[in-house]
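Taking it in order: structure first as structure tokens, then the write-up.
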Amino acid sequence: LAQIEGIDWSLLDVLKTHETVNARGTFAPLSAMELSQIDANRAHLEEVGLQAIREGKVAAVLLAGGQGTRLGSDKPKGMYNIGITKDVYIFEMIVRNLMDVVNRTGTWIPLYVMTSEKNNDDTVKFFKDMNYFGYDKDYVDFFVQEMAPASTFDGKIYLEEKGKVSTSPNGNGGWFISMVKAGLCEKAKKQGVEYINIFAVDNVCQRMADPCFVGAMIKNQYPSAAKVVKKANPEERVGVLCYEDGKPSIVEYYELSDEMRYQKDDQGELAYKDGVILNYLFRIDKLEEIMNNKLNVHIVKKKIPYVNAKGEIVKPEVENGYKFETLVLDMIHMMDDCLAYEVVRNKEFAPIKNKTGVDSVDTARELLKENGVTL
Ligand code: UTP
């Protein structure tokens, strides 16, 4: 009963409308701050960012509540060992990258780690066992995101076991609300935090609390900012940052019309070329303004294990229902503007989604080696 009371059943409302409503507005391209422009102003932008970090105004939020089903490990994704001749864990790489900024500024950056009820205990224990990979544990906090029910295609709830509704983490869009509920927004504000850099667990090359990125956002007074890479080709499966009805917005690759996908600008480049890499900066006061706004609910087809009427556990071979998620990318559309900040793909984009092939352990290892990391 406690579980039922704790579930946000309004998530399922999307099932009534998802086949008929096309809620998207009118799109227009957005100009990114490109590498040449960043390089020309780098020293100054970095100085602005370094100062904000030294003043304790920047915190980092690691999104680690996902299930990593494509990677197929039953442990939290961050515990995955990508080393070859020695142990190198995904969490370790993330902490190491953040430590570069700590060492440069002489300032500990508060690190808030979002987990889910499925992986929280393992994650917290791993950080402890690994002595926080050298990070000061007083600057690391964990908070647990909420869960969403899983349903059949016609909206009936599955049970995971007798007396327990089948649930999965409710997507990465609930991070700020969960952080507030855990008292960490208050804590951050008391510590003087004004900007939050939120990022995915699986991109082992990315730079967090990147002084130049922070400086570019502050200097140009944006409420939010997103690291982007130029799309490798029109078909690349990344969301693109653009405007929608005059507000910044991210269109997922599967939502792009062919017209937008292939449209060129005056320079002959793709008009919608700025692919997001799930590394965003938000002003904390702007997050508080929008935190009670309803986020879109996305539905994802999944194989959902369940108990049948005889009480037997069934593990389906094919997708048999939906899980419901809200996404951090939809928060960008609630901001008045968003700086698209270009980064070098081969230095900052090595997502680990799969074991092999595209966006995999293999491709990430290659990039890490290219960037001088010994594995
Ligand atoms: P993905 O969309 O890649 O999902 O998450 P995933 O769960 O890691 O992997 P698959 O799709 O099951 O294979 C992007 C980022 O958002 C976090 C993930 O941990 C990752 O850092 N995330 C995702 C959450 O924190 N909570 C969620 O409910 C979902």
Side-chain angles (χ1 to χ4, degrees), residues 7-8 11 60-80 82 89-91 93-95 97-98 111-120 122-124 126-127 141-150 166-179 181-182 184 196-206 208 226-227 237-239 250 252-254 275-280 295-305 319 322-332 349-361 363-364:
I7 287 175
D8 175 7
L11 287 168
V61 172
L62 165 57
L63 295 172
Q67 287 178 297
T69 44
R70 283 169 286 174
L71 189 60
S73 155
D74 52 1
K75 297 256 176 57
K77 208 185 225 184
M79 286 175 66
Y80 200 86
I82 54 170
Y89 300 98
I90 291 182
F91 280 140
M93 280 309 306
I94 299 278
V95 173
N97 293 350
L98 190 58
L111 171 63
Y112 306 115
V113 183
M114 183 166 88
T115 62
S116 80
E117 66 180 44
K118 304 236 182 223
N119 69 13
N120 182 65
D122 282 343
T123 304
V124 174
F126 191 62
F127 268 82
D141 283 287
F142 298 88
F143 64 102
V144 181
Q145 71 171 99
E146 279 158 40
M147 305 294 281
S166 169
T167 56
S168 55
N170 67 349
N172 56 30
W175 70 276
F176 190 65
I177 286 280
S178 299
M179 205 177 141
K181 285 187 183 159
L184 290 175
I196 295 189
N197 185 192
I198 173 147
F199 55 94
V201 69
D202 46 34
N203 180 6
V204 282
C205 281
Q206 68 189 318
M208 290 72 92
K227 285 198 169 183
R237 294 171 152 227
V238 288
I250 292 161
E252 279 287 21
Y253 66 89
Y254 50 83
V276 286
I277 62 169
L278 220 178
N279 188 315
Y280 304 106
L295 283 167
N296 286 338
V297 178
H298 298 251
I299 48 182
V300 194
K301 284 188 179 165
K302 278 273 171 186
K303 293 178 205 165
I304 301 158
E319 289 152 349
Y322 295 128
K323 76 175 196 184
F324 301 82
E325 292 191 330
T326 60
L327 301 177
V328 58
L329 58 83
D330 288 321
M331 293 170 103
I332 293 291
F349 193 37
I352 298 179
K353 302 288 182 193
N354 307 296
K355 264 202 178 108
T356 54
V358 181
D359 294 344
S360 66
V361 178
T363 53

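Whatever order the structure lists them in is the order used to number ligands and atoms, beginning at 1.
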With sequence neighbours left out, the residues meeting salt bridge (Lys or Arg N to Asp or Glu O under 4.0 Å) with K227 are D210, E348
Salt bridge or not for K181 and E146, using N-O below 4.0 Å?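 Counted as a salt bridge, because a side-chain N and a carboxylate O are separated by less than 4.0 Å.
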Check side chain to side chain donor-acceptor pair (under 3.5 Å) between T115 and all other residues, then give those that pass, not counting sequence neighbours. N120
Contact residues of ligand 1 with a heavy-atom cut-off of under 4.0 Å?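 Residue list for ligand 1: L63, A64, G65, G66, Q67, G68, T69, R70, K77, M114, Q145, P169, N170, G171, N172, A200, V201, D202, L278, K353.
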Aromatic ring proximity F142/Y112, centre distance under 6.0 Å: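 Here the rings of Y112 and F142 have centres that are no less than 6.0 Å from each other.
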Ring centres of F126 and Y89 under 6.0 Å apart? yes
Residues in ring pair (Phe, Tyr, Trp, His ring centres under 6.0 Å) contact with F143, at least two apart in sequence or another chain: none
